[in-house]
Amino acid sequence: QVHLVESGGGLVQAGGSLRLSCAASGSIFSINPMGWYRQGPGKQRELVARITTGASTNYADSVKGRFTISRDNAKNTVYLQMNSLKPEDTAVYYCNMNMGGYMYWGQGTQVTVSS
């Protein structure tokens with residue numbers, strides 16, 4: 001069993017910050033690429049940021065310079081620091097882990113940014 005649990009979502013005013021956390025647990029025997037995706041109303045789920053086993057990172061153009069993904073391998077936890085939030089960042093944010101070619105997903109956490 002593999003379980004991913006997100007936390008840290010909530011309500012924030014435009015220009016504010018939030019930090020999301022995702023803890024992976026269960027039958028995990030390696031360090032795996034992890035990432036954050038989001039799905040806004042009427043939109044497809046899209047990649048926000050990913051971090052490799054070697055801590056290389058990739059970001060969607062829309063969040064570059066504002067969001068930072070990081071990981072703590074000892075805790076099997078990935079973080080997403082979100083600064084300068086905009087209303088268009090409003091979405092359900094999902095944690096992801098790629099292990100053995102299979103994509104594991106968390107339950108999602110709601111981020112709402114007010115104008």
Carboxylate-amine/guanidinium proximity below 4.0 Å for Lys64 and Asp61:
yes

Look at the side chain of [X] and the backbone N and O of [Y], then say whether any donor-acceptor pair between them is shorter than 3.5 Å.
X	Y	value
Thr90	Val113	yes
Gln39	Ala91	no
Thr52	Gly54	yes

What is the minimum heavy-atom distance between [X] and [Y], and which atoms define it?
X	Y	result
Thr77	Lys75	OG1-O, 2.9 Å
Ala24	Met34	CB-CE, 4.3 Å
Ala49	Tyr59	CB-CD2, 3.6 Å
Ser17	Ser84	OG-N, 4.3 Å
Arg50	Pro33	NH2-CB, 3.2 Å

Could you walk me through whether Met97 and Asn76 pass the side chain to side chain contact (heavy atoms under 4.5 Å, CB included) test, one step at a time?
CA-CA 10 Å; Met97 181 176 71; Asn76 275 323; 5.8 Å; no

Under 4.5 Å between side-chain heavy atoms, hopping through other hydrophobics if needed: is there a path connecting [X] to [Y]?
X	Y	answer
Val92	Leu18	no
Ile69	Leu20	yes
Tyr102	Ile28	yes
Phe67	Tyr79	no

Decide yes or no on side chain to side chain contact (heavy atoms under 4.5 Å, CB included) for Leu11 and Ser114, but give the supporting numbers first.
CA-CA 7 Å; Leu11 298 169; Ser114 63; over 6 Å; no

Would you say Gln107 and Glu6 make side-chain contact, with heavy atoms under 4.5 Å?
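The answer is yes, as the side chains (C-beta and beyond) meet within the 4.5 Å cut-off.
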
Would you check, one step at a time, whether the test side chain to side chain contact (heavy atoms under 4.5 Å, CB included) holds for Arg71 with Ile31?
CA-CA 10 Å; Arg71 67 187 300 159; Ile31 305 301; 3.3 Å; yes

Interatomic distance, [X] atom [atom1] to [Y] atom [atom2] [nearest 0.5 angstrom]:
X	Y	atom1	atom2	value
Asn96	Cys22	CG	SG	8.5 Å
Glu46	Arg38	CD	CZ	5.0 Å
Leu4	Tyr94	CG	OH	13.5 Å
Leu80	Ile51	CG	CD1	10.5 Å
Tyr104	Met99	OH	CE	4.0 Å
Asn73	Thr53	CG	OG1	8.5 Å

Please work out which of the three classes, parallel, tilted or perpendicular, describes the rings of Trp105 and Tyr37, given edges at 30° and 60°.
perpendicular

Could you tell me whether Glu88 atom CD has more than 12 heavy atoms of other residues or ligands within 6.0 Å of it?
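Counting other residues, nucleotides and ligands, CD of Glu88 exceeds 12 neighbours.
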
